[in-house]
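We use all heavy atoms of the structure for the numbers below, so side chains are in, but hydrogens, waters and symmetry mates are not.
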Amino acid sequence: MGRAHEVRKAAMAKTAAKKTKLYSYYGKEIYLAAKAGGPEPDGNLSLRRLIEKAKKEQVPADVINRNIDKVKKGVAEDYQTVEYEAFAQGGSSLIIKCLTDNSNRTISFVKTVFNKCGAKMAGQGAVSFMYEHLGVVGIKGHSEEEVMDALINGDVEPNDIEVEDDGTVVVYTEVPDLNNAKKALETAFPGITFEIDEISYFSKDTVTLEGEDKEKFERLLDMLDELDDVSNVYHNVEL
């Protein structure tokens with residue numbers, strides 16, 4: 001019973017840490033969106049959609065409002081998006097996206113994780129050319145045919161459309177076409193909720209790791225996930 005209690009405590013601590021990181025991530029993104037397009041959601045489409053995503057992730061209203069208020073009060077915070085590329089075990093590769101106010105600190109932390117887990121920093125473009133950079137949007141309650149008709153009427157040509165097991169129709173677009181795709185779907189289906197709304201990297205080929213290589217790679221992902229500045233990790237490993 002004591003061991004089970006410790007396991008539960010560890011799981012709870014990890015969940016709390018993930019929530020803290022999630023809140024921090026959305027806080028930064030909301031601040032940047034409000035700073036770039038204005039702090040009023042009604043006049044800032046990017047901010048409004050980001051707030052909707054945050055609420056869906058159960059980010060507290062206090063976190064949202066506090067970061068919008070920073071912009072209203074003229075509080076200056078300087079965040080930037082940086083990406084690092086790396087090679088790891090067994091032909092695996094990664095793209096690490098970070099949102100940071102100190103890139104020197106961030107790269108130092110990332111390199112420390114790499115050194116501990118057997119990964120190697122790659123030059124810019126050495127990994128990313130093996131990935132597709134796409135916008136992704138998904139909705140429920142409509143068929144693939146209905147979604148395709150909506151995109152055609154909105155003059156949007158998707159890269160691909162697929163239907164997930166839960167009925168979500170997922171549309172992949174070139175990054176510049178993502179907003180047009182969302183507008184086309186909102187016009188065709190007023191009041192819809194986007195189950196998926198993101199820009200992501202997708203590996204053109206995948207690798208499978210086993211044994212020690214798999215253990216090291218999973219440790220690498222866990223350690224990167226623990227870094228506050230890391231917002232997303234994309235890789236080519238089948239897990």
Side-chain angles (χ1 to χ4, degrees), residues 25 29 49 53 80-100 103 106-107 110-111 113-140 144-145 147-148 150-152 154-182 184-185 194-225 227 229-239:
Y25 167 74
E29 290 282 10
R49 283 183 168 147
K53 287 177 67 176
Q80 61 177 315
T81 299
V82 292
E83 292 183 358
Y84 305 110
E85 303 178 23
F87 293 106
Q89 293 78 18
S92 59
S93 62
L94 308 95
I95 299 174
I96 299 99
K97 183 179 178 181
C98 305
L99 187 58
T100 178
S103 58
T106 302
I107 194 170
V110 170
K111 282 184 175 179
V113 171
F114 285 174
N115 290 336
K116 289 181 178 180
C117 300
K120 182 180 179 181
M121 187 77 76
Q124 187 175 9
V127 169
S128 57
F129 83 94
M130 297 184 287
Y131 288 68
E132 290 184 285
H133 196 206
L134 300 174
V136 192
V137 64
I139 64 171
K140 287 183 177 179
E144 181 178 353
E145 291 75 17
V147 169
M148 177 59 82
L151 295 172
I152 291 173
D155 198 26
V156 176
E157 184 175 349
N159 283 52
D160 195 13
I161 296 181
E162 62 183 26
V163 182
E164 296 186 341
D165 291 341
D166 65 354
T168 302
V169 180
V170 183
V171 179
Y172 299 87
T173 73
E174 296 297 323
V175 173
D177 293 334
L178 179 60
N179 280 334
N180 290 336
K182 289 191 287 189
L185 294 172
F194 292 112
E195 304 296 326
I196 305 169
D197 179 4
E198 62 187 38
I199 294 173
S200 189
Y201 284 100
F202 299 88
S203 177
K204 297 174 185 177
D205 295 294
T206 59
V207 298
T208 301
L209 301 179
E210 297 180 353
E212 187 177 350
D213 281 350
K214 183 180 179 182
E215 290 177 8
K216 286 183 177 179
F217 188 81
E218 289 176 343
R219 180 170 180 248
L220 171 62
L221 294 182
D222 286 342
M223 292 187 71
L224 288 172
D225 189 47
L227 298 181
D229 292 342
V230 173
S231 55
N232 292 95
V233 178
Y234 311 97
H235 60 79
N236 68 337
V237 177
E238 290 279 0
L239 294 176

Is [Y] close to [X] at the side-chain level, that is, under 4.5 Å between some pair of heavy atoms?
X      : Y      : value
Asn236 : Ser92  : yes
Leu94  : Leu224 : yes
Val82  : Ile107 : no
Val233 : Asp225 : no
Arg49  : Asn179 : yes

Residues forming a side chain to side chain donor-acceptor pair (under 3.5 Å) with [X], sequence neighbours excluded:
X      : result
Asn232 : none
Tyr84  : none
Thr106 : Thr100, Asp229
Thr206 : Glu238

For Tyr172, all residues meeting ring pair (Phe, Tyr, Trp, His ring centres under 6.0 Å), sequence neighbours excluded: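 Partners of Tyr172 under the ring pair (Phe, Tyr, Trp, His ring centres under 6.0 Å) test: Phe202.
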
Rounded distance [0.5 Å steps], [atom1] in [X] versus [atom2] in [Y]:
X      : Y      : atom1 : atom2 : value
Leu185 : Ile139 : CG    : CD1   : 5.0 Å
Asn159 : Asp177 : CG    : CG    : 8.0 Å
Leu239 : Leu209 : CG    : CG    : 7.5 Å
His133 : Ser200 : NE2   : OG    : 7.5 Å

Partner of Tyr201 under side-chain hydrogen bond (donor to acceptor under 3.5 Å, both in side chains), chosen from His235, Glu83, Lys97: Glu83

Residue pairs involving [range] (criterion salt bridge (charged side-chain N to carboxylate O under 4.0 Å, His left out); sequence neighbours excluded):
range            : value
residues 157-167 : Lys140-Asp166
residues 194-208 : Lys56-Glu195, Lys182-Asp197
residues 212-221 : Glu212-Lys216

Partners meeting side chain to side chain contact (heavy atoms under 4.5 Å, CB included) with Val171 (sequence neighbours left out): Val137, Val147, Leu151, Pro158, Ile161, Thr173

Residue Lys53 excluded, over 12 heavy atoms near NZ under 6.0 Å: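 Counting neighbours around NZ of Lys53, more than 12 heavy atoms of other residues, nucleotides or ligands fall under 6.0 Å, so yes.
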
Which atom names give the shortest non-hydrogen contact between [X] and [Y], and what distance separates them?
X      : Y      : value
Ile96  : Ala86  : CD1-CB, 4.4 Å
Val127 : Ala122 : CG2-CB, 4.1 Å
Ala150 : Ala184 : O-CB, 3.7 Å
Gln89  : Cys117 : NE2-O, 2.5 Å
Phe217 : Ala88  : CD1-CB, 4.1 Å

Residue pairs fulfilling side chain to side chain donor-acceptor pair (under 3.5 Å) with at least one residue in residues 119-131, sequence neighbours excluded: Glu85-Ser128, Ser93-Tyr131

